[in-house]
Protein chains: 2
Amino acid sequence: MTLASVSLIGSFRQHYEEVRQAAAIFTAAGITVRSPPMSRIVDPRQEFVRFESDSTLESDHAIQAATLAKIFSSDFVYVVNPNGYIGRTTAYELGRIHERGMAVYYAEPPKDLLVDVPDGTVVSAHELVAALVGGGTSSVRRPRVAALPTADVVIFTIRTQRLHVLLIKRGTEPYLRKLALPGGFLRPGESLEDTASRELGEETGLDASRIPLRQLHTYSRPERDPRGRVVTTAFLAIVPNLPEVVGGTDAYRADWVEVEPSLLQGHDRLAFDHDVILELALEHTRRLLEHTTIATGFCDRRFTIRELRQVYEAVWGTSLSPQNFHRKVVQTRGFVVDTGKKETTKPGRPAALYRPGKARTLYPPMLRSKGEVKDENVLRSRGSEDR
Amino acid sequence: MTLASVSLIGSFRQHYEEVRQAAAIFTAAGITVRSPPMSRIVDPRQEFVRFESDSTLESDHAIQAATLAKIFSSDFVYVVNPNGYIGRTTAYELGRIHERGMAVYYAEPPKDLLVDVPDGTVVSAHELVAALVGGGTSSVRRPRVAALPTADVVIFTIRTQRLHVLLIKRGTEPYLRKLALPGGFLRPGESLEDTASRELGEETGLDASRIPLRQLHTYSRPERDPRGRVVTTAFLAIVPNLPEVVGGTDAYRADWVEVEPSLLQGHDRLAFDHDVILELALEHTRRLLEHTTIATGFCDRRFTIRELRQVYEAVWGTSLSPQNFHRKVVQTRGFVVDTGKKETTKPGRPAALYRPGKARTLYPPMLRSKGEVKDENVLRSRGSEDR
DNA sequence: AGAATAGTGTCTATGAGACAGTATATG
DNA sequence: CATATACTGTCTCATAGACACTATTCT
């Protein structure tokens, strides 16, 4: 694949001709120049140069913000700095670009500014194009792209015998007022597991250290988040039925939503690619019920076999024979342990109360019937979801 | 909570006295001044000021990096800019600080630099201290951390009836001359799947678009790579026995290595956390053989049932009954398709040649015997591997 | 013919699924 | 008592595993 886009930064007022030439070289190589827009300069006396195509924007601040947005949306940055000159505005932009971890190349070694200039990043536009297009073993450093890692958590529970997922209603753009999975950005010193655990605790009020979190999949399509390069790792958590709603601030409301097809398709689908994440989480959970004892995670500390069966029925969307299910569960060693106590409150013979056993995997597994088993998550065999 | 620490930025050379006064005001209010360290200036002629307590650091770059680290560790930043003056270095630091989303206050409105200065952020040190101690609801944006995403690929094949993995011998620090998984940094425009696919193609010479790549797990421990914040996503690829070695440049040699315990522990273990990744990939592959038709991926385009059985035996490390295996494979619909042709070259009755069928999953699955099944990869139930 | 490997027939143990039947509570 | 739910016994069928047996090649 080819590198799609570049932004040029530098003092356009002083070095407009050099900028124009560099832009021409990139354009000729098929690389889009995101910034500056190559049109006529309106007022060449300004430090921050206005271009005609910017004329709809009002203030200089808005232009600067738009320029930064263009820079951040490009794949790498080329600093046009004849004689090493870097002005204040360029220095500021460089700071923001570096903090993003974007790839930066320089026409000349920077003077009068102490920045880290790795080997192979001082290079002419011609050399850079040759290295990028040729892809050979030149000494030009290959562009790496930094991303903001996030963790999104699919939190499942069972309410009124139906599978529910915890969703938040977005209070900010993008996807304003759309439903989305709870999630957050990686913070300094955290692993993604820490991030997911923190989100889980914040959203549910549970002691997150006691809820097993399973990592599902990492989503990295370049355009999956319009704000920039955000790579998200999806986690799965299974929690028992919680007392009541989870609340949240006015800009950020969390609530349980029944898992149904409308979340995955149509106009009410989830924000970002969270519909795909939810679908994977659902299929993963179904599979986990087959091979692991995770179903007990949906239940309270003490539960009856009927409650456990209703978990399977809710997640698999099938109905199971109570008798055979009972025998299968009780016979499988380590799945459930009889507490000796009995359920009260219900008509009919009181059911025995069980607690989770020590086993984590089920052998032999709980088998779904033939038709229910779907194919694995293989990259090439899937549609356009993850490309 | 109260704001505990501040860093001051600005041209200390020109405005050292103002910086000193502001620092005294913050210190008197119980706010720690992280930067600059308030000691004697060593060389006042330098644009970037050296302080005596920095004297152990060697280069200006190192001082700059240390200064940024101190700035980032503080709770907010105060820009000392009499007459609005902001120099290049301060502009650069401001860019990095803004991109981090830190809170910034200015002594004067900035001149000659177009930055967003929200209402109420131009304030004297005295006023600022009063507002902070008064305990208003200041909304400090939470820090996010950027990372370099990488994709590492576990490429398995079978050679001489043994499971082998493709490893490279590292030609650079860190982990110089250690064995490691092939992998690379995410490049602009790529998804992690693209990155993994590119690496697979580069290392094996195969048409990577035809080899299914499975995403396994994402590793994000903050200290997993000494070079900095690198988050890696592991992929699994299964390839048939390739003609011969894969070569590579002198600094970067790739070769097939038999999978054995010495790769996972002891002094010859793999670089980084690749031992953990390899172990997960191995267990995942074993599981995949049970439920999917992936075993045919180890074989050539045409293969005998014996060859397929040897795949299972190599990966599972067991021996299987030829008769029962044969019947099981042939009876499972869509697993293999008889081509009508026969193997030649061997003594004994010639074996029928098969090609892969259309099925991706096996129902019922190929069962490993009871003792072989391990627990799932659950975060909390594992040791210190991924924390 | 004998060795070597491929493939089939058949018996047994195990477990899933169907279903009848028993146990123990409430109203 | 009827009714509702929990739990058990037993039969059938499918399949894994063991093992004897047949098939087809090479030397």
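Per chain, numbering begins at 1; letters A, B, ... match sequence-line order.
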*Return the set of residues passing side chain to side chain contact (heavy atoms under 4.5 Å, CB included) with B/Arg309 (not counting sequence neighbours), or none when no residue passes.*
B/Arg306, B/Glu313, B/Leu320, B/Pro322, B/Phe325
*Ignoring backbone atoms, establish whether A/Lys328 has a side-chain N or O less than 4.0 Å from OP1 or OP2 of C/dA16.*
yes
_From CD of B/Glu290 over to C1' of D/dA16, roughly how many Å is that when rounded to an integer?_
14 Å
*Kindly indicate, with the supporting measurements, whether the criterion side chain to side chain contact (heavy atoms under 4.5 Å, CB included) is fulfilled by A/Phe235 and A/Glu193.*
CA-CA 8 Å; A/Phe235 288 82; A/Glu193 282 74 15; 3.9 Å; yes
*Could you verify whether a donor N or O on one side chain and an acceptor N or O on the other, from A/Thr233 and A/Thr218, lie under 3.5 Å apart?*
yes
*Residues of residues 301-312 of chain A with any non-hydrogen atom less than 4.0 angstrom from an atom of DNA chain D: list those, numerically ordered, please.*
A/Arg306
*asked:* If the condition is salt bridge (Lys or Arg N to Asp or Glu O under 4.0 Å), which residues does B/Arg162 pass it with, not counting sequence neighbours?
replied: B/Glu258
*Contacts of type side chain to side chain contact (heavy atoms under 4.5 Å, CB included), residue A/Pro350, not counting sequence neighbours*: A/Lys342
*nucleotides 22-27 of chain C: protein proximity per nucleotide (B base, S sugar-phosphate only, - neither; heavy atom, under 4.0 Å)*: -BBB--
Filtered N/O pairs between nucleotides 19-21 of chain D and protein, under 3.5 Å:
residue, atom, partner, partner atom, Å
D/dA20, N6, B/Gln323, NE2, 3.3

*asked:* Which residues pass the side chain to side chain contact (heavy atoms under 4.5 Å, CB included) test with A/Ala234, not counting sequence neighbours?
replied: A/Leu216, A/Tyr219, A/Ile277
*Roughly, in whole Å, what's the span from CD in A/Glu343 to P in D/dA6?*
7 Å
*Mind checking side-chain hydrogen bond (donor to acceptor under 3.5 Å, both in side chains) for A/Thr232 and listing every partner two or more places apart, or none if nothing turns up?*
A/Thr150, A/Asp152
*asked:* Test of understanding: with side chain to side chain contact (heavy atoms under 4.5 Å, CB included), list the residues that count as partners of B/Asn324, not counting sequence neighbours.
replied: B/Ser321, B/Arg327
*5′-ward residue of the pair A/Pro365/B/Lys342 relative to DNA chain C*: B/Lys342
*Once the angle between the rings of A/Phe272 and A/His274 is folded into 0 to 90°, is it parallel (under 30°), tilted (30 to 60°) or perpendicular (over 60°)?*
tilted
_Under the ring-ring contact (aromatic ring centres under 6.0 Å, His included) test, residues paired with B/Phe303 that sit two or more places apart_ = none
_Can you pull out the residues from residues 330-341 of chain B that lie within a 4.0 Å heavy-atom distance of DNA chain D?_
none
*Who pairs with B/Asp268 by side-chain hydrogen bond (donor to acceptor under 3.5 Å, both in side chains), at least two apart in sequence or on another chain?*
none
